[in-house]
Amino acid sequence: MIIWISGVATVGKSTVTKSIVSKLKDHYREISAEGDHGYKSNSGYKIPFQTYGNTMILGREPRDGQVLNGTDAVYIGVNKFQSFIEYEYFKWKTIFTPNIIIEGHKYISKNTMHDFMINNNIKYKMYYLKVPMEIMDERSKKRDNGFDRNIRTTNMIEKQLIEYDKVISKYKSNVEIRSSESWESCENIANEIFESLELII
């Protein structure tokens with residue numbers, strides 16, 4: 001199963017993902033089923049991820065309280081990313097189907113990735129996190145990183161929200177919409193996703 005935690009900037013994607021990572025670490029603490037791996041293609045491009053048992057989390061371990069990189073850490077086109085997804089999803093097919101957790105806006109806000117997963121019989125759910133614009137604006141000011149200061153605009157966010165509306169309407173059977181207005185709601189989403197994982201002990 002692929003779980004894609006999505007939404008525009010500052011809706012809480014990294015908060016939810018970090019909580020899931022913490023729960024996975026707690027779950028596997030006693031049996032040493034934690035690994036730090038990465039995918040490298042024959043042509044040399046790399047995709048960072050961590051594994052905990054049969055669950056893969058895309059991105060690097062956050063440092064000093066920073067957010068997870070998620071798909072922001074992936075600098076390749078959609079076709080190469082699809083090849084990565086297909087390879088990792090089916091690699092262990094005779095033994096188990098892995099959980100692959102992906103956090104980020106990149107790739108998933110367009111039809112291309114959804115069509116690819118559906119056409120290749122890849123089971124997935126997109127968790128779409130949403131909060132009111134005023135909360136996003138407040139979080140962006142508080143976070144105050146390079147993206148928030150120099151790139152993010154209200155017009156950009158509104159356009160991305162429209163893109164998501166179209167995707168959600170078309171692929172609604174694969175979409176779970178969740179409000180993430182508070183830390184408690186983010187934790188509830190993380191618990192829901194964690195409990196849905198079929199973990200190999």
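All heavy atoms count here, side chains included; hydrogens, waters and symmetry mates do not.
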Exercise. What's the verdict on ring pair (Phe, Tyr, Trp, His ring centres under 6.0 Å) for F81 and F84, showing C-alpha distance, side-chain angles and the deciding distance?
Worked result: CA-CA 5 Å; F81 191 72; F84 158 75; 5.6 Å; yes

Exercise. Where do R139 and S180 come nearest, in terms of heavy atoms and distance?
Worked result: NH2-O, 2.8 Å

Exercise. Are S14 and T17 linked by a side-chain donor-acceptor pair shorter than 3.5 Å?
Worked result: no

Exercise. Can you name the nearest heavy-atom pair linking E86 to F116, along with the distance?
Worked result: CB-CZ, 4.0 Å

Exercise. Side chains of I85 and I122: does their closest heavy-atom pair fall under 4.5 Å?
Worked result: yes

For this session: Go through L197 and I101 one step at a time and tell me if the side chain to side chain contact (heavy atoms under 4.5 Å, CB included) criterion holds.
Result: CA-CA 10 Å; L197 300 176; I101 299 177; 4.2 Å; yes

Exercise. What are the two closest heavy atoms between I108 and M117, and how far apart are they?
Worked result: CD1-CE, 4.0 Å

Seminar exercise, completed: In short, P98 meets E88 closest at the heavy-atom pair CG-O, 3.5 Å

Exercise. Are the side chains of T51 and T55 in touch, meaning some heavy atoms are under 4.5 Å apart?
Worked result: no

Exercise. Does any N or O in the side chain of N99 come within less than 3.5 Å of the main-chain N or O of S196, such that one atom is a donor and the other an acceptor?
Worked result: no

Exercise. Hey, are the side chains of L58 and I100 touching, using non-hydrogen atoms and a 4.5 Å cut-off?
Worked result: no

Problem set entry | Student check: side-chain heavy atoms of K123 and T97 closer than 4.5 Å | no

Exercise. Are I193 and Y127 close enough, and set up right, to give a side chain to side chain contact (heavy atoms under 4.5 Å, CB included), and what steps lead you there?
Worked result: CA-CA 9 Å; I193 293 173; Y127 278 78; 3.8 Å; yes

For this session: Verify side chain to side chain donor-acceptor pair (under 3.5 Å) between Y89 and N120, making sure each step is shown before the conclusion.
Result: CA-CA 11 Å; Y89 187 84; N120 285 277; over 6 Å; no

Problem set entry | Gap between atom OG1 of T10 and atom CZ of F147 - 0.5 Å precision | 8.0 Å

Exercise. Rounded to the nearest 0.5 Å, what separation is found between the CD1 atom of I2 and the CE atom of M113?
Worked result: 8.5 Å

Exercise. Charged N to carboxylate O below 4.0 Å: is that the case for D144 and R149?
Worked result: yes

Problem set entry | Cationic N near anionic O, under 4.0 Å, E192 to R178 | yes

Exercise. Between D165 and K170, is there a salt bridge with N-O shorter than 4.0 Å?
Worked result: no

For this session: Could you tell me the separation between the OG1 atom of T71 and the NZ atom of K13, rounded to the nearest 0.5 Å?
Result: 8.0 Å

Exercise. OH/Y171 to CG/N111 distance, rounded to the nearest 0.5 angstrom?
Worked result: 3.5 Å

Exercise. N54 side chain to L199 main-chain N or O, any donor-acceptor pair under 3.5 Å?
Worked result: no

Exercise. How long is the gap from CD1 on I20 to CZ on F194, to the nearest 0.5 Å?
Worked result: 9.0 Å

Seminar exercise, completed: When rounded to the nearest 0.5 Å, the distance separating OG1 of T112 from OH of Y107 is 12.0 Å

For this session: Begin with the C-alpha distance, continue with both residues' side-chain angles, and end with the deciding distance and a verdict on side chain to side chain contact (heavy atoms under 4.5 Å, CB included) for I57 and I102.
Result: CA-CA 6 Å; I57 309 285; I102 304 170; over 6 Å; no

For this session: Please identify each residue that fulfils ring pair (Phe, Tyr, Trp, His ring centres under 6.0 Å) with H105, with sequence neighbours left out.
Result: Y164

Problem set entry | Trace of the salt bridge (charged side-chain N to carboxylate O under 4.0 Å, His left out) decision for D137 with R152 | CA-CA 10 Å; D137 289 342; R152 182 188 187 274; 3.0 Å; yes

Exercise. Are E187 and K23 ion-paired here, with the side-chain N under 4.0 Å from a carboxylate O?
Worked result: yes

For this session: Find out if a path of hydrophobic residues (ILVMFWY) with successive side-chain heavy-atom gaps under 4.5 Å connects W183 to I5.
Result: no

For this session: Indicate the atoms forming the closest heavy-atom contact of T15 with C186, along with that distance.
Result: CG2-CB, 3.9 Å

Exercise. Heavy atoms, side chains only, cut-off 4.5 Å: are V78 and Q82 in contact?
Worked result: yes

For this session: Using a 4.5 Å cut-off on heavy atoms from C-beta on, say whether the side chain of V11 contacts that of M136.
Result: yes

Exercise. Given side chains that start at C-beta, do those of V21 and Y52 come closer than 4.5 Å, heavy atoms only?
Worked result: yes

Problem set entry | Full working for side chain to side chain contact (heavy atoms under 4.5 Å, CB included) between K130 and V8 | CA-CA 8 Å; K130 60 184 297 185; V8 300; over 6 Å; no

Exercise. Counting distance only, does the side-chain N/O of S169 pair as donor-acceptor with the main-chain N or O of K166 below 3.5 Å?
Worked result: no

For this session: State, with a plain yes or no, whether a side-chain heavy atom of Q50 is found less than 4.5 Å away from one of M56.
Result: no

Exercise. Taking S6 for the side chain and M126 for the main chain, is one N or O donor matched with an acceptor at less than 3.5 Å?
Worked result: no

